[in-house]
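Structure first, commentary second.
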Amino acid sequence: MSLWATTRASTQRQARAVRLGPRSLAALALVSAVGVAGFTWPFLAPPTSRLSAHAQDAPWLFAGLLVLLVAVVAAAISESGLGPKAVAMLGVLAATGAALRPIGAGTAGIEPMFFLMVLSGRVLGPGFGFVLGSVTMFASALLTGGVGPWLPFQMLAMGWFAMGAGLLPGPDRLRGRAELAMLAGYGCLAAFAYGTVMNMAGWPFMSALASNVAFDPHAPVAANLARFVAYCLATSLGWDLGRAVVTVVLTLTLGAAVLRALRRATRRAAFETPVTFDAAGK
């Protein structure tokens, strides 16, 4: 194969800053399963269970557990091949995302960091996307003072958000307007999904006596589900819609340039090429 053909083939293949091995996949599956339980336990635990009896304590329990599990996943992914060049790329993108988040301060869902997470996960793959999403949310919380029991849930949800972009089809072939349309559609749906799962994390903290849309540990699942839907419509629909619109607009207007820049950077970084040193004079 000629040098030109080899170079062309390597540029067409999606760069993987992190290759997920069996251990990292198992850790990711474990934390995701615990995360799903942590988000959805109000709909899974019957009213007579001990978990429902401690509705105010359960989110703290899951938050503490998720901190440990997210750390385990990050360590497992790092062990599977997060080299120095990938760490440098991770630092730059996480710092950029953390700096973008306070621009809108969450006002009406103006959160430009989401579109960067989508494009980064698309270019760099699901493993890197999960680590990037988690680290970016942690860094932005430190920057804005948003540290609380909700932070582990935000880290996990953002990790899923960026990882999902890396799992979209056609990473090596799909380009141009079709790719931007797919990423914009994913960003729109994922923005609503992120808002919904974060509502699940904070909803049990509300007192049932405070509102008729609060979680009631003594109510059946169907009643709590209706309360939750009403809670989402009343409190977060406007923010989720704003987040989705901003993500779609930024993806369609800036996405092509950002994707080219990310792909150029990953080609130059050559993540999968081992670093070698030649002896002087040879």
If I compare all heavy atoms of [X] with all of [Y], which pair ends up nearest, and what's the gap?
X      : Y      : answer
Leu252 : Ala184 : CD2-CB, 3.9 Å
Thr196 : Phe228 : O-CZ, 3.5 Å
Cys188 : Val248 : CB-CG2, 3.6 Å
Val197 : Ala157 : CG2-CB, 4.0 Å
Arg101 : Ser140 : NH1-OG, 3.1 Å
Gly129 : Ala162 : O-CB, 3.1 Å

[atom1]/[X] to [atom2]/[Y] distance, rounded to the nearest 0.5 angstrom?
X      : Y      : atom1 : atom2 : value
Arg175 : Leu180 : CZ    : CG    : 11.0 Å
Leu250 : Leu183 : CG    : CG    : 13.0 Å
Arg243 : Met113 : CZ    : CE    : 10.5 Å
Leu262 : Met89  : CG    : CE    : 7.0 Å
Leu254 : Leu119 : CG    : CG    : 9.0 Å

Cluster question for you: counting only ILVMFWY and a side-chain heavy-atom cut-off of under 4.5 Å, with indirect links fine, are Leu116 and Leu189 together?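 In one cluster: no.
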Same apolar cluster (I L V M F W Y, side chains within < 4.5 Å links), Met158/Val92: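 No, no single cluster joins them.
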Walk me through it: do Leu174 and Arg122 pass the test side chain to side chain contact (heavy atoms under 4.5 Å, CB included)? CA-CA 11 Å; Leu174 191 61; Arg122 170 65 172 176; 3.8 Å; yes
Taking the inter-plane angle between the rings of Tyr186 and Phe161 on a 0 to 90° scale, is it parallel (under 30°), tilted (30 to 60°) or perpendicular (over 60°)?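 Tilted, since the angle between the ring planes falls between 30° and 60°.
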Applying side chain to side chain contact (heavy atoms under 4.5 Å, CB included), run through Glu111 and Trp239 and close with a yes or a no. CA-CA 10 Å; Glu111 296 175 295; Trp239 273 260; over 6 Å; no
Sub-3.5 Å donor-acceptor pair from the side chain of Trp203 to the main-chain atoms of Cys232, do we have one?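 Side chain of Trp203 to backbone of Cys232, a donor-acceptor pair under 3.5 Å: no, none is there.
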Using atom types as modelled and distance alone, determine if a side-chain donor or acceptor of Ser134 lies under 3.5 Å from a backbone N or O of Met155.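 Confirmed, Ser134 side chain pairs with Met155 backbone.
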Taking everything shown except Tyr194 itself, do over 12 heavy atoms lie less than 6.0 Å from its OH?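 Enclosed.
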Validation row: [X], [Y] side chains within 4.5 angstrom (heavy atoms):
X      : Y      : answer
Leu93  : Thr136 : no
Thr247 : Thr251 : yes
Leu233 : Val213 : no
Phe114 : Val246 : no
Leu124 : Leu132 : no

Passes side chain to side chain contact (heavy atoms under 4.5 Å, CB included), Val123 versus Thr266? Steps please. CA-CA 8 Å; Val123 173; Thr266 54; 4.1 Å; yes
Verdict with supporting geometry, Phe192 and Leu241, side chain to side chain contact (heavy atoms under 4.5 Å, CB included): CA-CA 7 Å; Phe192 281 103; Leu241 179 60; 3.9 Å; yes
